[in-house]
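Take a look at the structure set out below.
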2 protein chains.
Amino acid sequence: MKIEDAAARLEALGNPTRLRIYRALVRAGEEGMPVGRLQDRLDIAASTLSHHLKALVAVGLVTQTRDGTTLICRTNYTLMRGLLEYMAEECCAEGKGCAPFKLPKVA
Amino acid sequence: MKIEDAAARLEALGNPTRLRIYRALVRAGEEGMPVGRLQDRLDIAASTLSHHLKALVAVGLVTQTRDGTTLICRTNYTLMRGLLEYMAEECCAEGKGCAPFKLPKVA
DNA sequence: CCTTTATTTCTATAATTCTAGAAATACGGC
DNA sequence: GCCGTATTTCTAGAATTATAGAAATAAAGG
């Protein structure tokens with residue numbers, strides 16, 4: 001992962017509203033959650049929510065699939081894991097006094 | 001960790017310049033790196049660098065200790081680890097189809 | 001085709017951020 | 001106290017972001 005991509009993804013997550021959105025989607029699991037339900041749950045104006053979702057989708061952290069008139073949002077687990085792995089590596093590169101750590105393999 | 005704190009820390013890291021600064025400091029290891037050396041290495045205007053360092057210090061990701069006229073910067077490994085753990089947990093809460101993962105314990 | 005529901009785009013405003021030059025401050029040595 | 005080096009604060013301008021109301025678009029059903 002390029003440092004610019006990592007920064008862009010961290011920036012996308014680095015807003016309280018977007019992090020709440022992301023967390024809600026993580027908790028929704030594989031089935032995901034429609035935009036409208038997110039709006040009800042988080043009590044955000046529709047246009048604001050759409051704006052933030054766009055940011056999350058732009059960096060790949062969230063994907064959307066349409067089911068009739070509703071748009072279902074899901075987190076991209078693989079990409080998130082890649083981001084955490086990147087951070088874990090960057091966080092302890094060169095092993096100078098930092099305990100090395102890695103994310104465990106997916107079962 | 002509160003979600004606002006996590007967001008603030010992610011935001012601090014979510015800027016290419018600041019992520020470069022942070023990475024350089026991680027690589028400097030325990031001994032840290034003076035502001036001036038960071039400036040030379042990363043080729044950033046002094047005032048700009050100071051501005052970004054302030055942001056990293058404000059959220060606790062970087063600490064500074066003075067040694068004469070030079071300010072030595074170090075990353076706060078524990079806090080970074082806490083952030084990654086938070087993200088790892090939030091990333092797979094409720095285990096709905098996501099492989100659970102944790103950061104391994106520090107040796 | 002018209003209606004309803006779902007969501008986005010448009011528009012505007014207020015606020016924040018990034019950048020860097022210039023001036024100011026901090027520290028240690030003489 | 002003055003000087004040199006290191007760093008921050010002040011200032012300002014350009015750019016970006018967050019918010020949300022209003023209008024527009026998308027899809028499905030009748």
Side-chain angles (χ1 to χ4, degrees), chain A residues 3-25 28 31-75, chain B residues 2-25 28 31-76:
Chain A
I3 194 168
E4 288 82 8
D5 293 333
R9 285 158 190 168
L10 291 168
E11 182 185 35
L13 293 169
N15 169 284
T17 302
R18 281 196 297 273
L19 192 52
R20 285 206 304 144
I21 293 169
Y22 185 83
R23 191 176 59 167
L25 291 178
E31 66 182 293
M33 193 183 287
V35 176
R37 184 129 54 99
L38 268 175
Q39 194 191 334
D40 294 342
R41 287 275 182 88
L42 303 179
D43 196 31
I44 303 172
S47 57
T48 303
L49 176 57
S50 184
H51 164 78
H52 286 304
L53 277 172
K54 197 171 168 182
L56 289 167
V57 169
V59 298
L61 282 165
V62 167
T63 59
Q64 296 178 315
T65 57
R66 186 168 280 280
D67 178 14
T69 59
T70 75
L71 249 196
I72 299 176
C73 305
R74 290 184 185 83
T75 58
Chain B
K2 283 192 295 185
I3 193 168
E4 288 81 9
D5 293 332
R9 285 156 191 171
L10 291 169
E11 182 184 36
L13 293 170
N15 169 284
T17 302
R18 281 195 297 271
L19 192 53
R20 284 206 305 144
I21 292 168
Y22 185 83
R23 191 175 58 169
L25 290 178
E31 66 182 294
M33 192 183 289
V35 175
R37 184 127 55 99
L38 267 175
Q39 195 191 334
D40 294 341
R41 286 276 181 88
L42 303 179
D43 195 31
I44 304 172
S47 57
T48 304
L49 176 56
S50 184
H51 164 79
H52 285 304
L53 277 172
K54 197 171 166 182
L56 288 166
V57 169
V59 299
L61 282 166
V62 167
T63 59
Q64 296 177 316
T65 57
R66 185 169 281 280
D67 178 14
T69 58
T70 74
L71 249 195
I72 299 176
C73 306
R74 290 184 185 81
T75 58
N76 182 338

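Computed from a predicted model, the values in this text were never measured in an experiment. Lettering of chains follows the sequences in order, A, B, ..., and the numbering in each one begins at 1.
- Using modelled atom types, no side-chain atom of A/D67 and backbone atom of A/T70 make a donor-acceptor pair closer than 3.5 Å.
- Inter-residue side-chain proximity for A/R20 and B/I3 is flagged as met; some heavy-atom pair is nearer than 4.5 Å.
- We find the CG-CG distance between B/N15 and B/L56 to be 9.0 Å, quoted to the nearest 0.5 Å.
- The closest donor-acceptor contact from the side chain of A/R66 to the backbone of A/L71 lies at 3.5 Å or more, if one exists at all.
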For every nucleotide of nucleotides 21-29 of chain C, 5' to 3': is a protein heavy atom under 4.0 Å from its base (B), only from its sugar-phosphate (S), or from neither (-)? BB----BS-
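- What separates CG of A/L71 from P of C/dT9 is a distance of 10 Å, to the nearest Å.
- With sequence neighbours left out, B/R23 forms a salt bridge (charged side-chain N to carboxylate O under 4.0 Å, His left out) with A/E90.
- Once rounded to the nearest 0.5 Å, the distance linking OG1 of A/T17 with CG of A/L53 reads 11.0 Å.
- Scanning all heavy atoms of the two residues, the minimum distance from B/A12 to B/V59 falls at CB-CG2, 3.7 Å.
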Derivation of the side-chain contact (heavy atoms from CB on, under 4.5 Å) call for B/L25 and B/I21: CA-CA 6 Å; B/L25 290 178; B/I21 292 168; 4.2 Å; yes
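- Note that CD1 of A/I72 and CG of A/L38 are 11.0 Å apart. Values are rounded to the nearest 0.5 Å.
- No side-chain donor-acceptor contact under 3.5 Å links B/R18 to the backbone of B/H52.
- A/C73 and A/Q64 get closest at one heavy-atom pair: SG-NE2, 3.6 Å.
- Contacts between residues 6-20 of chain B and DNA chain D, defined by a heavy-atom separation under 4.0 Å, are absent.
- Of the possible polar contacts, none joining the B/R9 side chain to the B/L61 backbone as a donor-acceptor pair under 3.5 Å is found.
- Between A/L38 atom CG and C/dT5 atom C1' the separation is 17 Å, expressed in whole Å.
- Taking B/Q39 as the reference, B/A46, B/L49 meet the side-chain contact (heavy atoms from CB on, under 4.5 Å) condition, with sequence neighbours excluded.
- Rounded to an integer number of Å, the gap from A/I72 CD1 to C/dT5 P is 19 Å.
- In this structure, B/H51 atom NE2 and D/dT8 atom C1' are separated by 13 Å, rounded to whole Å.
- Note: CD1 (A/I44) to C1' (C/dT7) measures 14 Å, nearest angstrom.
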Please produce a list of atom pairs where a protein N or O lies less than 3.5 Å from an N or O of nucleotides 11-15 of chain D.
none

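- Near DNA chain D, meaning a heavy atom under 4.0 Å from it, residues 52-61 of chain A has A/H52 in order of number.
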